[in-house]
Structures are given as C-alpha cells and as structure tokens.
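Numbering of ligands and ligand atoms starts at 1, following listing order.
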Amino acid sequence: MDDSADQQDAARARTLVAGAREIVVLTGAGISAESGIPTFRDALTGLWSRFRSEDLATPEAFTRDPARVWAWYAERRAKVESVSPNTGHRALARIEEEVAAKGGRFTLVTQNVDGLHHAAGSRRVLELHGNIRRVRCFERSHAAASWSDADAAPPRCARCGSFLRPDVVWFGEMLPAAALEEAMQASARCDVFLSVGTSGLVEPAASLPFAALDAGASVIEVNPDRTALSARATIALRGSAGAVLPRLAP
Ligand code: OAD
C-alpha cells in the first residue's frame, strides 16, 4: 500500500471505522500469518506437507488414526503457544476500545483457533471454529484442564475414558450454534464490517460480509490478494493485516 489511491482508501476506511455505531470484524488465518502461523491455503508445513488439512481435521480421520491427528494438533498447539499477537491483532483490540468508549458495539468473529485475539486484549471474540488451546473428550465433550503427552496415543478422558481431542470444529462438524447466531445477527445490524485475512472459501463464515452488505453496511476488506468479496467491498485495501490495520485504529 504505497500509492496515493491506497492512502486515500486507507483514510476513508479510518473515517468509517472511527465514525461507526456498530462494527463487526471477521478474521481468518491471514491475520496470524505475520505471527508465524501458516495459513490454510499455504501448503501444510514440514513433515505434514504430504497431508491436506481436510485429511486430518475430520472426525473420521481421528477415528481412523487418533495418534496421527492428536500429534498434528499437539504440534500446532505448541506452535501457537510459542508465538505472539502481531500489530494487526493489537490494532483490532484498540478499535474495540475506541468503539466501546463511544458507547458503540464491537463484535470480533474469528475463524482462527489460535487464541491470539484474546492474547492481544480483544474482549468480545466469537470463535466460530473453536480454540486449539482447549481440549475436550471425543465421546461426551468433557473439558480437560490438563493431560499427559507421555505416549503417542491421545490421552483419555478422566471422566468417561474416551480419547481427548482438540476443542476445534472439524470438517463436517457443526459450528457452535450460539456464536454463529450472534455473528449472523451482528453482521445484519452493523454499519461497518471489516473482513481481514480470509479467503472467504469456507461457509458459513464466508457469507457474513455479504449479509452486512445486503443490510446496507460499509464493508472494508484487508487482504494482500483478491477474493470473491473484493469486487463488492466498499473499500478493498490490498495489504497485510500487520501493515494496514494500525492505519484503521486509534
Ligand atoms: P485461508 O488460508 O483460506 O486464507 C488466508 C487468507 O489470508 C488468504 O486470502 C490470504 O491472501 C490472506 N493473507 C495471507 N497473508 C496475509 C496477511 N499478512 N494479512 C492479511 N491477509 C493475509 O484461511 P481462512 O480464510 O481463515 O476451517 O480459512 C478459513 C477456514 O478454512 C479455516 O478456519 C479452516 C480452513 O479449512 C476449519 O478448520 C473448519
């Protein structure tokens, strides 16, 4: 983002954000890329490069090979716990404070499971796809506060004995209904919708910005690449979250 048109677009976007009554922000893996977390559309890294996430992040994959799926998530959890929020995450926390100080409403809807928005100080976060830092059991969803990583097979639930699994939404599983309903209602009533770092390929999250557009909201997209939303966005800012979001924040 360096030419005058981009500068003007960023200034227009900042004016929309600063004057908003209600803001909804949708984030995807792109906002955590600058913290060192690979996005989904990047190939799976390292020894997992021969797999697709669709082959690992499903209940069937876990039933077929619990140890392999548990190991993949244990590695991703360790990665997530070793990185920090970046300037993009922190800018969103400042925007939330600015909106709250004016008596407005702010809702952050994330598809990410890395917990970096909470770590950056965001308070009202709807985790549509769960959180990799939380673990529950496969059969009864009993939450597990601690577990041993001693052997390859997943640990077992202390209450029912079934395997533990990450508290994330796998392909083919339902999203948390309350969080999804809140996200859809907020998207239909907000006056500014900010879509950051998502390819917009996975439903139902991908429909949220279009619901906002259909309800008359101004939609701002932050992404270095074009997406299906770009052509309909009120303002499409071509750049990284870490570089662009601080320009939209106080
Ligand atoms: P993707 O990997 O599909 O898309 C990441 C988006 O971020 C792309 O459009 C990139 O261009 C953009 N991007 C990359 N670097 C960026 C940066 N520094 N700043 C801003 N944008 C950047 O990730 P998601 O859209 O989040 O679902 O994927 C959505 C869902 O698909 C995930 O939640 C996951 C996956 O299957 C489940 O696990 C259920």
for atom 15 (N) of ligand 1, nearest protein heavy atom and its distance come out as Ala33 CB, 3.9 Å
Working to the nearest 0.5 angstrom, can you tell me the gap between Cys190 SG and Arg105 CZ?
11.0 Å
Write out the residue and atom name of the closest protein heavy atom to atom 28 (O) of ligand 1, then the distance separating them to 0.1 Å.
Phe40 CD1, 4.1 Å
Pull out every atom of ligand 1 sitting under 4.0 Å from any heavy atom of Pro224, numbered as shown with elements.
13 (N), 16 (C), 20 (C), 21 (N), 22 (C)
For the side chain of Asn112 and the backbone of Asp114, is there at least one donor-acceptor N/O pair under 3.5 Å apart?
no
Test item: Gln111 and Thr198 side chains (from C-beta on) under 4.5 Å apart, heavy atoms
yes
I'd like the name of whichever of Gln111, Glu34, Arg238 reaches closest to atom 29 (C) of ligand 1 through any heavy atom.
Gln111
Are Thr27 and His89 close enough that some pair of their side-chain heavy atoms sits under 4.5 Å apart?
no
Please confirm whether His129 comes within less than 3.5 Å of ligand 1 when only nitrogen or oxygen atoms on both sides are compared.
yes
Which segment of Phe171 sits under 4.0 Å of ligand 1 when only heavy atoms are counted
side chain
Of the choices Ala241, Gly197, Ser32, which has the non-hydrogen atom that lies closest to atom 5 (C) of ligand 1?
Gly197
Based purely on interatomic distance, does Ser199 place a nitrogen or oxygen under 3.5 Å from a nitrogen or oxygen of ligand 1?
yes
For ligand 1, which atoms sit closer than 4.0 Å to a heavy atom of Val169?
39 (C)
Main-chain N/O of Ala29 paired to Ser32 side chain as donor or acceptor, under 3.5 Å:
no
Any donor and acceptor pair, going by atom type alone, linking the side chain of Arg136 with main-chain N or O of Leu164 inside 3.5 Å?
no
For atom 31 (O) of ligand 1, what is the nearest protein heavy atom, given as residue, atom name and distance?
Val202 CG2, 3.3 Å
Distance from atom 17 (C) of ligand 1 to nearest protein heavy atom, with residue and atom:
Gly30 O, 3.2 Å
Can you tell which of Thr39, Asp225, Asn223 gets a heavy atom nearest to atom 8 (C) of ligand 1?
Asn223
Between Asp9 and Ile235 (side chain of the first, backbone of the second, donor and acceptor by atom type, cut-off under 3.5 Å), is there such a pair?
no
Measure from the side-chain N and O atoms of Thr107 to the backbone N and O of Val24, and report whether any donor-acceptor pair falls under 3.5 Å.
no
Those atoms of ligand 1 less than 4.0 Å from some heavy atom in Ala29:
23 (O), 24 (P), 26 (O)
Donor-acceptor contact below 3.5 Å, side chain Glu173 vs main chain Pro59
no
For Gly28, the atoms of ligand 1 under 4.0 Å from one of its heavy atoms are 26 (O)
